[in-house]
Amino acid sequence: MKYDLHTHTNFSDGDNSPSDLVEKAKLANITHLALTDHDTIDGLSEASQAAARRNITLIPGIEFSCTWRDQLIHIVGLNIDPTARALKQAIDENKERRKLRAEAMFEDFEQNGIEIRTQVEDQIGLRGVPTRPHFAQALVDEGFAKDKKQAFKRYLTKGKVGYVPMKWPDLETIGNAIVKSGGIGVLAHPMRYKFTRTKLCHLLKDQVAAGITGLEICTASTDTQQIRMLSDLARRFNLRGSTGSDYHSDTQPWAKLGRFSDLPEDVIPVWNTF
């Protein structure tokens, strides 16, 4: 069996529809797929139907943004109940935060002579709220940057046009929402935060207190040494290990569907709780 428990579609900041994601997962020999779009579950229905047709087990999921000690971190919720009231409330609150930030970003760009509202909204359609990658793509399309990397360098970051800070909910709020939805929370891509081992241990201790009992160990970017270290921490804090590519698009070869190491045998898999 092959589990990829961290993927995205065009219902958040991915390129593919849920149906196309499932087709790509089939080609990648993935047997168990979690759709974990940012702060939304709107793509789950389409993904579930497509997965049933392709004999793939779909794990309902989501990726929440939240803060810990003023640091933005991401928590993946797996095997959630999409109808849970607490989950819906957390989603609605984060969507409203994103909506308000997007409007402030539009206004900032427009005050600086950059009109990209229509281009951003065309990317979204009726699927949700614009994210920074949508703004970056619009900047590329309108000739303000040659690619998304340059768009983020010239705009959208602190001190540049289009940057609007966001106040996300705290770790405890997100942990509570996931637990009340019957799911298991997983700290996503822990090496991306560039914490020292000591600081990461503090985070793991606090996430356990918040009811978040999973740790993403094998990703498209973790090397053997990092996997060994994360596995040690998973055992130390009694965390379940997860695997996921964080797939968004075929244009990002560093995060291909299903392309990561197997979970070490001495780590209890998160899917044992499903």
Peer 1: Above 12 or not: heavy atoms from other molecules or residues under 6.0 Å from CZ of R101?
Peer 2: yes

Peer 1: Take M191 and M229, measure what side chain to side chain contact (heavy atoms under 4.5 Å, CB included) needs, and give me the verdict at the end.
Peer 2: CA-CA 10 Å; M191 302 309 299; M229 186 268 287; 3.7 Å; yes

Peer 1: Please check if any side-chain donor atom of S249 sits under 3.5 Å from a side-chain acceptor atom of T251, or the reverse.
Peer 2: yes

Peer 1: Are there over 12 heavy-atom neighbours, none belonging to R69, within less than 6.0 Å of that residue's CZ?
Peer 2: yes

Peer 1: Is a donor from one side chain sitting under 3.5 angstrom from an acceptor on the other, for Q137 and Q123?
Peer 2: no

Peer 1: I need the full list of ring pair (Phe, Tyr, Trp, His ring centres under 6.0 Å) pairs touching residues 14-36, with sequence neighbours left out, sorted by first then second residue.
Peer 2: Y3-H32

Peer 1: Does either side chain, that of D170 or that of T173, offer a donor lying less than 3.5 Å from an acceptor on the other one?
Peer 2: yes

Peer 1: Return yes when atom NZ of K180 has more than 12 non-hydrogen atoms of other residues, nucleotides or ligands closer than 6.0 Å, and no otherwise.
Peer 2: no

Peer 1: Under the rule for ring-ring contact (aromatic ring centres under 6.0 Å, His included), what residues qualify as partners of H8, not counting sequence neighbours?
Peer 2: H6, H38, H248

Peer 1: Please lay out, stage by stage, how E93 and Q89 fare under the test side chain to side chain donor-acceptor pair (under 3.5 Å).
Peer 2: CA-CA 6 Å; E93 290 176 356; Q89 181 177 344; 3.2 Å; yes

Peer 1: Applying ring pair (Phe, Tyr, Trp, His ring centres under 6.0 Å), which residue pairs with at least one partner in residues 43-70 are found, sequence neighbours left out?
Peer 2: W68-F195

Peer 1: Applying side chain to side chain contact (heavy atoms under 4.5 Å, CB included) to S12 and D39, what does each step give before you reach the verdict?
Peer 2: CA-CA 8 Å; S12 61; D39 302 308; over 6 Å; no

Peer 1: Take a 6.0 Å sphere around CG of N238 and say whether it holds more than 12 heavy atoms from other residues, nucleotides or ligands.
Peer 2: no

Peer 1: Please name the pair of heavy atoms, one in F152 and one in P133, separated by the smallest distance, quoted to 0.1 Å.
Peer 2: CZ-N, 4.0 Å

Peer 1: So, using side chain to side chain contact (heavy atoms under 4.5 Å, CB included) as the criterion, who are the partners of V208 when residues are at least two apart?
Peer 2: L239

Peer 1: So, does T273 use its side chain to make a donor-acceptor pair with the main chain of V270 at under 3.5 Å?
Peer 2: yes

Peer 1: Among all residues two or more places apart in sequence or in another chain, which pass the salt bridge (Lys or Arg N to Asp or Glu O under 4.0 Å) test with D42?
Peer 2: K95

Peer 1: Only counting residues at least two apart or in another chain, list the ones meeting salt bridge (Lys or Arg N to Asp or Glu O under 4.0 Å) with D108.
Peer 2: none

Peer 1: Within a radius of less than 6.0 Å around CG of N55, do more than 12 heavy atoms belonging to other residues, nucleotides or ligands occur?
Peer 2: no

Peer 1: Apply salt bridge (charged side-chain N to carboxylate O under 4.0 Å, His left out) to D250 and K24, showing your working.
Peer 2: CA-CA 10 Å; D250 288 342; K24 291 177 181 295; 2.6 Å; yes

Peer 1: Would Y155 and F135 satisfy side chain to side chain contact (heavy atoms under 4.5 Å, CB included), going step by step from the backbone distance to the final call?
Peer 2: CA-CA 9 Å; Y155 310 94; F135 281 88; over 6 Å; no

